[in-house]
There are 4 protein chains.
Amino acid sequence: MKALVLEEKGRLSLRDFDIPARLGPKDVRIRTHTVGICGSDVHYYTHGKIGHFVVRAPMVLGHEAAGTVIEAGAEVTNLKPGDRVCMEPGIPDPTSRAAKLGIYNVDPAVTFWATPPVHGCLTPEVVHPAAFTYKLPDNVSFAEGAMVEPFAIGMQAALRARIQPGDVAVVTGAGPIGMMVALAALAGGCARVIVADLAQPKLDIIGAYDGIETVNIRNRPLAGAVAEATDNWGADIVFECSGAAPAILSMHQLARPGGAIVLVGMPVDPVPVDIVGLQAKELRVETVFRYANVYDRAIALIASGKVDLKPLISASIPFEDSIAGFDRAVEARETDVKLQIVMPE
Amino acid sequence: MKALVLEEKGRLSLRDFDIPARLGPKDVRIRTHTVGICGSDVHYYTHGKIGHFVVRAPMVLGHEAAGTVIEAGAEVTNLKPGDRVCMEPGIPDPTSRAAKLGIYNVDPAVTFWATPPVHGCLTPEVVHPAAFTYKLPDNVSFAEGAMVEPFAIGMQAALRARIQPGDVAVVTGAGPIGMMVALAALAGGCARVIVADLAQPKLDIIGAYDGIETVNIRNRPLAGAVAEATDNWGADIVFECSGAAPAILSMHQLARPGGAIVLVGMPVDPVPVDIVGLQAKELRVETVFRYANVYDRAIALIASGKVDLKPLISASIPFEDSIAGFDRAVEARETDVKLQIVMPE
Amino acid sequence: MKALVLEEKGRLSLRDFDIPARLGPKDVRIRTHTVGICGSDVHYYTHGKIGHFVVRAPMVLGHEAAGTVIEAGAEVTNLKPGDRVCMEPGIPDPTSRAAKLGIYNVDPAVTFWATPPVHGCLTPEVVHPAAFTYKLPDNVSFAEGAMVEPFAIGMQAALRARIQPGDVAVVTGAGPIGMMVALAALAGGCARVIVADLAQPKLDIIGAYDGIETVNIRNRPLAGAVAEATDNWGADIVFECSGAAPAILSMHQLARPGGAIVLVGMPVDPVPVDIVGLQAKELRVETVFRYANVYDRAIALIASGKVDLKPLISASIPFEDSIAGFDRAVEARETDVKLQIVMPE
Amino acid sequence: MKALVLEEKGRLSLRDFDIPARLGPKDVRIRTHTVGICGSDVHYYTHGKIGHFVVRAPMVLGHEAAGTVIEAGAEVTNLKPGDRVCMEPGIPDPTSRAAKLGIYNVDPAVTFWATPPVHGCLTPEVVHPAAFTYKLPDNVSFAEGAMVEPFAIGMQAALRARIQPGDVAVVTGAGPIGMMVALAALAGGCARVIVADLAQPKLDIIGAYDGIETVNIRNRPLAGAVAEATDNWGADIVFECSGAAPAILSMHQLARPGGAIVLVGMPVDPVPVDIVGLQAKELRVETVFRYANVYDRAIALIASGKVDLKPLISASIPFEDSIAGFDRAVEARETDVKLQIVMPE
């Protein structure tokens, strides 16, 4: 079967590749339809590693996927051939201590698509546990289904934030994840979300949504803008999505007394934090690692129309042009949010 | 000053009435503009009491109010004459044990407009603590400002529910409060809200909102409808807003394992509850008593456009026609949600 | 293998009985040492059913067990032969929707020892999933290990209560479960626990613990005692462990404004609840169904000496005298808290 | 009236000093009995400032106090002359936005004893709001009453941690506050608390309590000790009480997946934090600023015998020897935990 293979750092091939895939009794076989390109896929391509995850052998990329069930294991009851689905790419040991607690995302034994040495799903067929495969309602397209994975990170951030209805949130950083977080926060109960970045084209995209205000921090100090927007009280929640040291050092200034900060952005190295600044307002700081138990919630919000991710899909690229698609992603055009690869019929 | 006075059970007058109102250093004087008629006002009119609160002397009615600040006490910093505002009608002892905990709504010492023997605000001027008076943004009308009070109950229900983004909720009972709860739940993060009632006109009004589905339980069993809407899993949250014994007895059937029930409706007498039914799903049951710390959140949601209460205002009645307004409210037309009284300029 | 078999309502035999028990790769085989007699075991014996769980074929009783691992499946890493252990009797489908959320106790597919048609563990050997088998520290005896199961219910109640350090709790009902709840609440952070019952011998047993006060409601109204103990504020948490209708009807009187009630007792039929009474203090009501993720916590509290369950073990009965042991349990002597059956070496 | 006055950095006097103290209707006048010396008092003495709080005029020191009510304002109902009490030193504006939310500790308008320019209580009489004055039960001594203030910080940390019964906690740093946190965590539901420090005398003092284990990090790496104590799972909660940069940089290593870190120690400057390390376990980080709503809880735990603070009182110093007492505190003997000043009869 053909697959998009990262042969080694900097070298992709679209070639036949065999991923052993026995269909267990609780698994489904899925014909993939759409697979989004994630920043992590691109980073493995350009750097050959992320942290201590190093690509040491050819690896199939891709983990943001939707498709159609073509075969179901003997014990599968929730899915049947023909069902349109999207797939959660991280699979825990369901009897591990973390999984028993419901926080299977932090199970140390989790395996995750396109995280070495585990292969991804940029190939026409995959086998996946039915428990981590989610049916798409009729009014949710494959393209939207493949957006559930990145949106799930926004959902996890929104859940960890423990939004209270009517909260005011700030999102620092308007990359694809920052945008997902902003939309999840808004759908998840915030009255207003203020998104800050340096790049105006990104702010224009996310600012087109009702309920989202933008601040270009080249033009205007964010702390002042937030103070003005909140009668000098501060935001209930600050979602730090930039991973940038200056944003992290001053994030406490944006929050109200007793507010919360959610750390979504991932600075490569330790960065200075003003702990006394956090303490003086007794802020709660939450962190996010992937997601758990959010796929059904994410799909429900998309299906109900409360969240519209379609404006964030910048281009659909045929599977045969995958390598060109990745090269476009490496370019990082400021007007691209999400590129998706579509498999041949 | 003129006021709408409940002289005794069944007898209203619009007449001069003196409410002593010294402006303290932390108070504001407000010219009232719009005052909604609440079910409790009507109940005092028709029954002369609610529970152990009995009207024993003439009492001014009204507690859902918006107006304009005309004078501010010496220590008031958050408001000034000319500010358009709405007022939170319950005033606690700010140093009580409950108030120190932030749950001032359950302070036994709270005084509340139009709850005997405390006078309400259906009169052209009132004095109120600045700490419980909230500025209206320019894009929120007085009519909407006077809707903040009933909406605040919906907000309190939504807060107590601890909604998680993407939850599915059921609201049993489509009276004015059930409608407020449904809208607060939707704005507060639910993906879908299913509202159930026997009265089709009410369902038609609330069902006109995006994201709200309705079930007329005359035509269709609610448990089945919820099961179908949730793949037999049940609703994350059930807001019981009917106060009706049959709804309360079967409410556990609507919830998912580990879900929540919020008791908003107030049955006059103790009613049978299926405790083992609640336990078998380990449900959490929250109760609601008025509200605390929600006015700013409610206003933020209205101002941002996430909540539109205007369709629920059925009529605006001039102050001089107040008594006719109350009589219309007694009629309880099925198409009336909220009647408001507007003071003369 | 011999087993204590409930042949039918009212008839026990100690006889050879074959429970098919293949050792799967994630299972352990355990030689049982001590098995407590639970009220549910006794109820199946005397009534032949509990709710809709009906004994329709001979069933082995017992689910409160400790023993020694004698064989471990190929994939088991946390246990090895010779480990002293206790066992969690309810086994969910680990990939079910509830289990993924961490609330595996409310997974509709759970199987539970000695709940028809599933056999219990009153037999010398059992096979059990390693994920639900917990190692006992050296300083925790088998007798204490077999107490973990009933104590786990107390732990679940304490967890659901969300105790805050220094809380004052009331426990209504001093049966074995009420006692477990009282001890879990005390170890779990309460400053004081007031236990109420009609039976003085039970109150004497639980009242012997430091930090536990008792009220015999034959002699003194509980509401008054709680008011006096709390400066008329009320208890932070009320654990309702009696299942008695009068206690349930008046439970709101015991709680402080904004407090919590945990429903542990299981009244057979729906009972009247004063919903307005709950609402007037805006109480939170939690329910308890068995337990999830508490065995390790329970063992830690026993091992650290914070919880001493030994005084609650009223008698150790040899396996060959099991039937006599059950008959003693049916008698329900007021001074018996827990009877345990000990297997032959 | 005599008072211990910090005239300026490095210079104390025991001299007559007039603190204007009108008794308002909601105030009480208290004859102070015992006042503890806090690290902050000592720091103002040695440095003349803490952060941006600078001593610019002579200031009375002391904020950890117990005494006897000698006069009560006209509206005071909870206290009367003769009541033995302890006092909460921070007084918010009770109608501020933070205070209405119940988080009065982060009200920007709070005034706090012995925080410039507000005078402290090292003087024979003080006037204080009754709402922030707490009655001591008969079995709690004045010495213990004066320990409530520092213990309150431990309580706040325990509350923010949201301890679940049976948690395992680690406390890094065994200074007075670390000790208070350890005892609050233990009483607040932890099964075990592991305290780490470099100073063996301090570890010996806190290690003498049942349920507290100690690790001298000169001899043994803490991460290894915690891993061993928790079967390589990690601690449920890490209380960072050292404020030391190396401890902060590695704190995530001590916590279990999904665990919590509570930042109690206050590093003067921003320090590096390993954000990706926190994220990889999806840790929650709480911060602590003084305390709110904990005095009654703290007193209840002391009165019930669950917390014994007496071993931490190293010496009682007569008021006339106050300056020598402060000089002993500056010495910072490793065996001193808390020095208290006792007023003359």
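Residue numbers start from 1 in every chain, and the chains themselves are labelled A, B, ... in the order their sequence lines are given, proteins ahead of strands. Just so you know, these numbers use all the heavy atoms, side chains as well, and skip hydrogens, waters and symmetry mates.
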Completion exercise
When the 4.5 angstrom heavy-atom criterion is applied to B/Asp167 and chain A, the contacting part is both
Exercise for the section: Select one option (side chain, backbone, both, neither) describing which atoms of B/Ala187 are under 4.5 Å from chain A's heavy atoms. Expected result: backbone
Practice task
Count the heavy atoms belonging to other residues, nucleotides or ligands that lie under 6.0 Å from CG of A/Asn139, then report whether that count exceeds 12.
Solution key: yes
Exercise for the section: State whether the number of non-hydrogen atoms from other residues, nucleotides or ligands found under 6.0 Å of B/Lys26 atom NZ is greater than 12. Expected result: yes
Problem - Between B/Ala191, B/Ala300, B/Ala298, the one whose heavy-atom pairs under 4.5 Å with chain A are most numerous - result: B/Ala191
Practice task
Evaluate the side chain to side chain contact (heavy atoms under 4.5 Å, CB included) criterion for residues B/Asp236 and A/Arg297: first the C-alpha distance (whole Å), next the side-chain angles of each, then the deciding distance (0.1 Å), finally the verdict.
Solution key: CA-CA 11 Å; B/Asp236 296 290; A/Arg297 304 177 164 283; 4.1 Å; yes
Practice task
Answer yes or no: is there a donor N or O on one side and an acceptor on the other, between the side chain of B/Ser304 and the main chain of A/Gly211, under 3.5 Å?
Solution key: no
Fill in the blank from the handout: Value for NZ (B/Lys306) from CG (A/Leu186), rounded to nearest 0.5 Å, stands at 4.5 Å
Exercise for the section: Specify the closest pair of heavy atoms between B/Ala158 and A/Pro165, including all atoms of both residues, with the distance to one decimal. Expected result: CB-CG, 4.0 Å
Handout entry: Residue of the set B/Asn293, B/Leu159, B/Ile163 for which side-chain contact (heavy atoms from CB on, under 4.5 Å) holds with A/Gln164
Key = B/Leu159
Handout entry: Winner by heavy-atom pair count (cut-off under 4.5 Å) against chain B, out of A/Gly305, A/Ala303, A/Gly189
Key = A/Gly189
Problem - Under 4.5 Å from a heavy atom of chain B, the part of A/Asp296 involved - result: neither
